[in-house]
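Structure record follows, encoded as structure tokens.
Every chain is numbered from 1 and lettered A, B, ... according to where its sequence line falls, protein lines coming before strand lines.
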4 protein chains.
Amino acid sequence: MTPPEPRRRSASAHLAILEATWEEVVEKGYAGLTVEGIAARAGVGKQTVYRWWPSKAAVLLEALNARTAQTSDFPDTGDIAADLAGQITGVAEFLASDGGVVFKALLAGAQSDPELAEDIRRQVIEPRTQACADRLAKAQAAGELRADVDPVDIVELVYAPLYYRLILGTRPISAPDMRHQLDRVLAGLRA
Amino acid sequence: MTPPEPRRRSASAHLAILEATWEEVVEKGYAGLTVEGIAARAGVGKQTVYRWWPSKAAVLLEALNARTAQTSDFPDTGDIAADLAGQITGVAEFLASDGGVVFKALLAGAQSDPELAEDIRRQVIEPRTQACADRLAKAQAAGELRADVDPVDIVELVYAPLYYRLILGTRPISAPDMRHQLDRVLAGLRA
Amino acid sequence: MTPPEPRRRSASAHLAILEATWEEVVEKGYAGLTVEGIAARAGVGKQTVYRWWPSKAAVLLEALNARTAQTSDFPDTGDIAADLAGQITGVAEFLASDGGVVFKALLAGAQSDPELAEDIRRQVIEPRTQACADRLAKAQAAGELRADVDPVDIVELVYAPLYYRLILGTRPISAPDMRHQLDRVLAGLRA
Amino acid sequence: MTPPEPRRRSASAHLAILEATWEEVVEKGYAGLTVEGIAARAGVGKQTVYRWWPSKAAVLLEALNARTAQTSDFPDTGDIAADLAGQITGVAEFLASDGGVVFKALLAGAQSDPELAEDIRRQVIEPRTQACADRLAKAQAAGELRADVDPVDIVELVYAPLYYRLILGTRPISAPDMRHQLDRVLAGLRA
DNA sequence: ACTTAACCGAGACGGTACGTCGTGTCTTGGT
DNA sequence: ACCAAGACACGACGTACCGTCTCGGTTAAGT
């Protein structure tokens, strides 16, 4: 739900809404997240929220994006194992923090809202998947990894355990754990 | 004065509620699932729902369990790869059907309800995880797999891609895809 | 807007709403009268108001009726002038009190709501008009008044000055004033 | 530093607003009359309405005045009965048309707005009352009418039935009806 | 002819109330 | 005793207008 072109949109209200949304969801969880609550905490009329976003989930998505915008391209030191380990550590740390709570909330919301699901995929998942897949393709070309596996499948194998823990809550997400799992995945993919 | 366990619970109402819940969630999604809707479709008073379950999610969990109760123990043909492939095929087929929709709904609900999350883990995840981990331990003992990896970690590696697709919706869940991913995981775990 | 047959209607909520409505309208005027305010003061959910009345004006009408139900039949002492004077004094006193404020509010509301207008006519105006007209017809038969004027026209002549002052607010409604006006009307109607 | 009275008011916007107001109130009634609707129909910004009038009712009052400005002084043919009949016919015809709808709307609005009520009295009611009362005083001096009744009371008696029908809607306002009522009133007032 | 400031349309803003929906509890008959 | 039906207090929904507030863009004085 990218908001319409900001014609004469109030920057301060916009920002206050994103901040308020983040705080509300961290405090009260997704079920306790309310457009009314967001507007009240942001000191804004409800209409101002509805004017620019179609649902509370869309606000939440933008609030999340606003905090993770920088994470764009993938490192390339020539050592794919190290590069992946570095990335997965960062993601693990993010998901173990408030960011994880918010992201989980977003995924929950997406389940009843196909448009939101599509937006999450397009804005959050795909860019990162693509960057990672590109790096993996280079590693395959360099002979570091088997070339007979679709890089997108590798991305799935590498990141899936993170989401598994995030969603099922079987065990907490810890960076060392996730790196171990990464090692095991890579063990089956070497050239 | 010892009351008979389930006092005078109406079996027919109970069943009608589970059926109605399943249909409602498949038709309208989790967000459109309502105790009122369930009661109305089941031809039952709301109170009858509230009497036996704490929340709509709990009903949904029981509705799911009622449809998957049989799946309890893990096959053991002596060939761990074949056994895992068989299991994962079954799970993939289940999650690709209405069952997947309902399970996804349940996970969404669990995100705002720690008790439900705990119930899902205990009733759905852990028994299956345990059964699978036991089978994996036997395979390790038989020298089919590396013994230096916690079987629970292996379960995570093996099933995570399924949940990844279920939750993120990046690509549809297909049994052959999931078997390919399984092969790659196992490639890194052979003794 | 006669409320639907009170199937299992809560008598206490019903009453609290009527009381609250009266107080609210007296305190804040018709423009300040709010279903939300009524519900809050009555300690009742908004839905409970909407369940039984189609609009705030309908509640107000019933609140008014609840306070004037007794005023039904017309005295008959054999002296039409005295009987009319007695009645008009009572009405003047009522309209000069809080009742006037409420009644005026009701008329204002009726202006944008034809159904309410109809209800006011049927429940408030017509019964009283009819009773008065009947008494006037007897007076005509008894030779006290000209028989060539429709009694309903006489009712109009007799009561119109009251409404004139109520609505236009040119001068306050006072019982002696209204009796003087009555005298002048009757002066033209003697047999 | 004395600003020229109506500084640089746009005559066309002003007029468009009055027209739009009249049309809106006739179409949708007073309750459906909104400043937003007026501004939109007049092709004008809301601010332009608020700049010149304190409320929608004030606009309505001016819109009404703009259509009835001419009606100023009272005829004097020497026959008070004929003069009153002529006047009342005109008023009845006006009130039976769209003008009645608008005037009724205005009275409704005045009920929650004492300032508006005062304005209506001063601008609409009193000038006409005064003109009529003056003519009546002359009639009393000429011996056409009893001199022991305050002319303002007579105005009230004469016009009240009109307002009675306008507000209560018991019967439609028709010029012949109103003239009959006038006759009966005058019957009691002859010298 | 050229500033320059009031006025214009448009419409975003913080608010209040709307009338509706669903929650979870409570009450009333009926079986 | 338990049930269906549904009223109840409550809280959030998404919408409509309120009256105030910028925004540029005319437009008519007053130089």
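What separates CG of B:D113 from P of E:dT23 is a distance of 14 Å, to the nearest Å. Atom pair C:L15:CG and F:dC8:P shows a separation of 13 Å (rounding to whole Å applied). Here E:dG22 presents its P atom at 12 Å from CD1 of B:I38, a figure rounded to the nearest Å. The CZ-P distance, from A:R41 to E:dG15, rounds to 16 Å in whole Å.
Between B:L18 and B:W22 the shortest side-chain heavy-atom distance does not fall below 4.5 Å.
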B/S/- contact track for nucleotides 14-19 of chain F, protein heavy atom under 4.0 Å: BBBSBB
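Defined by atom type and a distance below 3.5 Å, a donor-acceptor pair is present between the side-chain atoms of A:H14 and A:E62.
Judged by the 6.0 Å distance and 45° axis criteria, D:K56 is positioned over the aromatic ring of D:Y30. For the pair C:R9 and C:W53, the cation sits on the ring face: its NZ or CZ lies under 6.0 Å from the ring centre, inside 45° of the axis.
Between B:E23 and B:K28, none of the side-chain N atoms (NZ, or NE/NH1/NH2) sits under 4.0 Å from a carboxylate O, so this pair counts as no salt bridge.
Dashed line: the shortest gap from a side-chain N or O of D:T48 to OP1 or OP2 of E:dG9 is under 4.0 Å. Under 4.0 angstrom from either OP1 or OP2 of E:dC8 there lies at least one side-chain N or O belonging to D:R51. Here A:W52 reaches the OP1 or OP2 of E:dC13: one of its side-chain N or O atoms lies under 4.0 Å away.
The two residues A:V25 and A:L33 come nearest to each other via the heavy atoms N-CD1, 4.0 Å.
The listed nucleotides are E:dG9, F:dA7, F:dA9; the one nearest the side chain of D:V44 is E:dG9.
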